Every structure is written in structure tokens, then in C-alpha cells.
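To start, the structure itself, in C-alpha cells.
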Amino acid sequence: MNKEEALSFYKQYRDKCNAYQLAETTIFFDMSTIAPENGNDYRIKMMSLLGGEAYDYQTAPENIEKLEEMSKLDLGDVMNEEIRQVLKDLHRISKLPRDFYIYMQELSAKGEIAWKKAKKEKDYSLFKDVLKELVEMRKKAYDYYGYDKTLYDAMLDDYETGMTIEKYDNFFACIKERLVPFIKKLEKEGKKIDDQPLHQTFEIEGQEKVMDILKDYMNFNPKECYMGLSAHPFTCSFSLHDVRITNKYIENSLVSSIFTIIHEYGHALYMMHVDEKLEGLYVSGSMTSGMHESQSRFLENYIGKRKSFWVNNFSKVKEIFPEQLKNIAFDDFMEMINVVQPSLIRTEADELTYPLHILVRYELEKEMINGNIDIDHLDQIWADKYEDYLGIRPQDASEGILQDIHWSDGSFGYFPTYALGSAFGAQFFKAMQKDLDVDVALASNHFSLIEDWLREHIHQYGALYKADEIIEKVCHEPFDPNVYIDYLIDKFSNIYGI
């Protein structure tokens with residue numbers, strides 16, 4: 001096989017793989033947003049059949065053989081990395097028996113349905129048996145894959161290449177050592193900020209208008225990006241020119257939908273800004289979870305909670321909710337959206353206490369995978385952890401263990417990347433500030449300057465580089481969690497006057 005033959009084969013192979021993926025993504029997005037509930041059983045059955053067909057094609061021995069031949073050719077830096085990543089995944093997937101692969105897909109779909117029902121009814125007992133099965137399913141999958149260190153190390157590495165229990169333990173130890181005492185100091189010595197005015201009744205119709213303001217400000221292109229609604233907000237990429245996000249509205253929280261759209265749009269920009277030359281390639285969408293969360297958390301917090309972001313937008317929001325916001329001055333609003341207040345819901349958490357939410361999940365998940373925790377009573381153990389770390393206790397499972405969707409599809413190892421990505425974002429923001437006057441850009445309605453910087457320095461590469469390589473490339477220094485912690489302590493010391 002020469003280079004020309006190799007590239008011709010790969011184009012056909014990749015196109016067909018992408019066709020299967022597009023169909024599966026479309027069904028998943030519909031099921032999570034608009035599809036009638038009573039069609040779930042049939043839909044899952046069809047998804048399983050489609051998944052089996054995709055598995056057969058992807059792992060066909062003749063296709064893997066050709067891909068392995070390609071790996072021996074010099075196809076250029078991009079294609080060499082493309083084939084390396086594809087083969088890495090295929091060598092794992094092909095170790096799974098076909099029936100087990102289909103079972104994994106079925107169980108993931110059933111898990112989400114069980115989670116939705118349990119969350120709605122605030123009843124963990126409706127989910128715990130599925131959770132047990134999901135844990136065992138993932139354990140068996142990794143037995144087929146094989147792994148060098150511990151099982152949980154392997155899971156962590158899948159979501160952020162190179163991360164291990166030891167590295168995460170050290171990372172969270174920094175959080176505990178420096179942030180926990182600071183949070184306690186802030187509670188005792190900081191001034192009091194009352195954000196209750198942002199928890200009045202804000203009609204959904206008005207919140208939809210606020211979304212229009214934010215879309216316009218952030219250059220949201222409806223020809224390439226769509227926003228729907230779901231129980232748990234998420235982002236899906238169908239192609240570089242078709243990315244879909246979801247949101248949710250809470251009537252007694254104005255800021256919930258605001259920072260959800262900013263967060264999810266951070267994911268969307270990452271997907272839409274990938275270099276056109278990578279369209280259709282595996283590396284156009286195989287970015288690690290830590291890198292993806294760095295972009296969503298970056299936009300949500302480092303950009304979306306700055307005064308310069310709101311200097312022109314707050315007055316527009318005030319026009320939509322004149323009664324609720326009539327007595328709120330701009331500076332008061334900025335303090336309210338940056339209030340530090342231990343809370344139960346991770347997605348609604350303030351920027352400072354947020355990593356403690358992830359710490360709870362990390363510690364529980366680690367013990368769950370290691371078999372050292374009672375899943376039957378995990379909801380109570382969860383509540384105990386929240387009381388220990390945040391001083392508050394969930395009243396029911398929907399605001400406790402059932403609040404997040406991630407475990408319902410077996411995404412064990414994902415949660416820690418939320419905190420890690422937040423920390424990556426601090427270094428990216430530090431680098432951006434050296435190149436760009438962020439506040440001038442935001443205050444003058446030039447959000448495109450933020451987009452352009454992210455595209456040039458991070459987004460265009462897709463998954464061609466690992467996180468540590470991107471950080472070195474962009475920031476000219478290795479990853480350092482203290483940059484993140486320093487940022488948080490400095491920001492909230494100023495806000496709270498300590």
C-alpha cells in the first residue's frame with residue numbers, strides 16, 4: 001500500500017465511520033431533548049442494532065490490517081497522529097466481544113432513562129441497581145482492554161491522558177490545603193453579599209430573551225449552532241458546522257440559564273473552531289475531557305463573570321426584568337453573580353467552592369470502582385460528604401447523588417476533569433492577558449477577539465496535542481495548579497475585601 005492508496009482507503013473508511021456516528025449522535029440528541037418518552041424501548045433497540053453494524057465495520061480485520069499498514073508509512077504529522085489515535089481505540093474496542101459491545105450501548109441508554117426517572121421522583125432506589133450494573137459493565141470492559149496500573153488509573157487516563165490517582169490526589173491535596181482554609185476565612189472575615197434578588201421569579205419567556213442577548217453578544221451563529229433543552233445540559237458535535245447545545249430554565253434562578261449557555265458555548269466554540277483541514281478526521285473531535293472542560297469553564301468563569309462582559313449586557317437584561325432588577329446596581333449585580341455560598345448543586349455552584357463538589361465525586365468514584373463502598377447506600381454517603389466538605393446536606397436524592405448525569409452512562413473517571421479543566425483555564429487566561437486586553441475587548445463588544453485568540457492558540461488543533469503539550473505551547477510553562485488557586489484567592493479576596 002502506497003501513500004495515495006492509503007489515504008484513499010482511509011477517506012472511505014472514515015466517511016463510513018462518521019456516517020454511523022452521525023446517526024447515533026442524532027438519535028441520542030433527540031432522545032435527550034425532544035423524543036417522546038414512550039418510544040425509548042424501540043429507540044434503544046434500533047440504536048443497538050446500529051451500534052452493532054458500526055462495530056462490525058470499524059473492527060473488521062481487513063480494515064484494522066490496512067490501518068496498521070498505514071501506521072508504518074510517513075503520512076505527515078497530522079495523519080500519523082490520526083492513525084495512531086484511531087488504532088489505539090480500535091485495538092481496545094476490538095477486544096470486546098460484539099454482544100458485549102452492544103450490551104454496553106444498551107445499558108448506557110437504559111442508564112440515562114433510569115437516572116431521569118429516579119431524579120424526577122427523587123428516589124435513588126430506582127437507579128442504584130442500574131448503577132451497580134454500570135460499574136460491573138465498565139470493570140468487565142477494562143478486563144477485556146487490559147491495563148497496566150489500577151483499574152481507576154486506567155479510567156482516569158481515558159478522560160485525561162497521563163492523569164493518575166497519584167496526580168489527582170496531589171492536585172486535590174492542593175485544593176484542600178490552600179482553598180479550604182481560605183473559604184473558611186472568607187466566611188468569617190469577608191463582607192456579606194446577598195444574592196437573593198437573583199432568586200426571585202424570572203419567567204422562562206423572559207429568560208429566553210436573555211439567551212437571545214447572550215447569543216448576539218457571543219456571535220452565536222444559528223446556521224452552525226443550535227440550542228435545545230434537556231434535563232442535564234450538554235453539547236454534541238455533529239460536524240464542524242453543526243454543533244448543538246442544551247440548556248435548562250429554573251424560574252427562581254436568573255443566573256442558572258445564563259451561565260449554562262456560556263459554559264456549553266465554550267464547548268461548542270472548541271468544536272466549531274477546529275481547523276477545516278481536520279474536518280471528518282478522528283482528531284477533530286477526540287479532545288480530552290480536561291481540555292474540553294478547560295474551554296467551557298474558561299468561558300463561564302474567566303470571561304462570563306468579568307465586569308467587562310456585563311458592562312453593556314446588564315442594562316439589556318434589566319430591561320427584560322425591570323421589576324425584579326430595578327433596585328440592583330451594576331456593581332451589586334457583579335457581586336451577586338460572584339457570590340461564594342456553599343450549595344448543593346454542582347452546576348449552580350460558585351467558582352470558589354466548585355472544586356469541592358468535584359472532590360466529593362472523585363473520592364466516592366474512586367472507592368466505588370475499587371469496590372470499597374456500599375452502592376446501596378451511596379446516596380447517604382454522598383450526603384455525609386457534602387455535610388463534611390460544604391457544611392450542607394441534601395434533603396433528597398435529586399439534589400444529591402442524582403443531580404449529575406455522568407454515572408448513568410458509565411462515565412467513571414470524567415468528574416475529576418471538571419476541576420482539572422478549571423485549573424487549566426487559569427493558565428490559559430494568564431497567557432491570554434499577556435496578548436490581549438481582555439476587558440477592553442469585552443467592554444467594546446468585541447467578543448470575536450476572545451474567539452480568535454482561543455481559535456489560534458487552542459481550538460484549531462483539535463486533539464493533535466495532549467493537554468500538557470498545549471499548556472507548554474500556549475503558556476510557556478508546565479501545568480501548575482497553584483496558578484489556579486492564586487487566581488481564585490486573589491479574585492475573591494478583592495470581592496470580599498479581605
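The basis for the numbers below is simple: all heavy atoms, side chains too, and nothing from hydrogens, waters or symmetry mates. This structure is a prediction, so every number in the text was calculated from the model and none was measured.
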Hey, is [X] close enough to [Y] for a salt bridge, meaning N to O under 4.0 Å?
X: K11; Y: D15; value: yes
X: K132; Y: D376; value: yes
X: E477; Y: K430; value: yes
X: D41; Y: R43; value: no
X: K140; Y: D143; value: no
X: K3; Y: D74; value: no
X: D169; Y: K366; value: yes

Worksheet item: For H406, which of F412, Y418, W115, F234 qualifies under ring pair (Phe, Tyr, Trp, His ring centres under 6.0 Å)?
Response: Y418
Any side-chain donor-acceptor pair under 3.5 Å between [X] and [Y]?
X: S48; Y: E106; result: yes
X: E293; Y: S296; result: yes
X: Q427; Y: D480; result: no
X: E112; Y: S408; result: no
X: D409; Y: Y414; result: no
X: E348; Y: S343; result: no
X: S289; Y: T417; result: no
X: R14; Y: Y282; result: no
X: Q207; Y: S257; result: yes
X: Q295; Y: H459; result: yes
X: H273; Y: R455; result: yes

More than 12 heavy atoms from other groups under 6.0 Å of [atom1] on [X]:
X: K95; atom1: NZ; result: yes
X: K215; atom1: NZ; result: yes
X: E205; atom1: CD; result: no
X: K209; atom1: NZ; result: no
X: K248; atom1: NZ; result: yes
X: D148; atom1: CG; result: no

Gap between atom [atom2] of [Y] and atom [atom1] of [X] - 0.5 Å precision:
X: H457; Y: D452; atom1: NE2; atom2: CG; result: 11.0 Å
X: S284; Y: L464; atom1: OG; atom2: CG; result: 9.5 Å
X: D396; Y: K122; atom1: CG; atom2: NZ; result: 4.5 Å
X: L378; Y: I401; atom1: CG; atom2: CD1; result: 3.5 Å
X: Y265; Y: I262; atom1: OH; atom2: CD1; result: 11.5 Å
X: D374; Y: M368; atom1: CG; atom2: CE; result: 12.0 Å

With a 3.5 Å distance limit and no angle check, can you tell me whether [X] reaches the backbone of [Y] through a side-chain donor-acceptor pair?
X: K167; Y: G162; answer: yes
X: E224; Y: D242; answer: no
X: Y302; Y: S422; answer: yes
X: D435; Y: M432; answer: no
X: N370; Y: N372; answer: no
X: E469; Y: Y465; answer: no
X: S411; Y: W407; answer: no
X: N80; Y: G76; answer: yes
X: E472; Y: D468; answer: no
X: H263; Y: F259; answer: no

In this structure, is the centre-to-centre distance between the rings of [Y] and [X] below 6.0 Å?
X: Y484; Y: Y487; value: no
X: Y362; Y: F415; value: no
X: F309; Y: Y217; value: yes

Worksheet item: At their closest point, which heavy atom of S237 faces which heavy atom of T25, and how far apart are they?
Response: O-CG2, 4.1 Å
Discussion item. Minimum heavy-atom separation for M137 and S108, please, with both atom names.
Written reply: CE-OG, 4.2 Å
Discussion item. Could you walk me through whether D153 and T150 satisfy the side-chain hydrogen bond (donor to acceptor under 3.5 Å, both in side chains) test, starting with their C-alpha distance in whole Å, then the side-chain angles of each, then the deciding distance to 0.1 Å, before giving a yes or no?
Written reply: CA-CA 5 Å; D153 278 319; T150 71; 2.9 Å; yes
Practice prompt. In sequence, state the C-alpha distance, the side-chain angles, and the governing distance for I245 and I261, and then conclude on side-chain contact (heavy atoms from CB on, under 4.5 Å).
Written response: CA-CA 8 Å; I245 68 176; I261 189 175; 4.1 Å; yes
Practice prompt. May I have the step-by-step check of side-chain contact (heavy atoms from CB on, under 4.5 Å) for M79 and L281, ending in yes or no?
Written response: CA-CA 9 Å; M79 285 306 299; L281 296 184; 4.2 Å; yes
Worksheet item: Within 45° of the axis and under 6.0 Å from the centre of the six-membered ring of Y13, does NZ or CZ of K66 qualify?
Response: no
Item to complete: Tell me, with the steps shown, if E82 and Y10 meet side-chain hydrogen bond (donor to acceptor under 3.5 Å, both in side chains).
Response: CA-CA 10 Å; E82 169 80 1; Y10 190 71; 2.4 Å; yes
Item to complete: Name all residues meeting the salt bridge (charged side-chain N to carboxylate O under 4.0 Å, His left out) criterion together with K305; count only those two or more places apart in sequence or in a different chain, and write none if there are none.
Response: none
Practice prompt. Could you walk me through whether E81 and Q85 pass side-chain hydrogen bond (donor to acceptor under 3.5 Å, both in side chains), step by step?
Written response: CA-CA 6 Å; E81 178 62 16; Q85 289 192 25; 2.8 Å; yes
Worksheet item: Do E121 and K117 pass the salt bridge (charged side-chain N to carboxylate O under 4.0 Å, His left out) test, and can you show the C-alpha distance, the side-chain angles, and the key distance before you say yes or no?
Response: CA-CA 6 Å; E121 298 187 20; K117 180 177 175 61; 2.8 Å; yes
Worksheet item: Does the pair E276 and H241 meet the rule for a side-chain hydrogen bond (donor to acceptor under 3.5 Å, both in side chains), with working shown?
Response: CA-CA 10 Å; E276 289 277 355; H241 300 287; 2.7 Å; yes
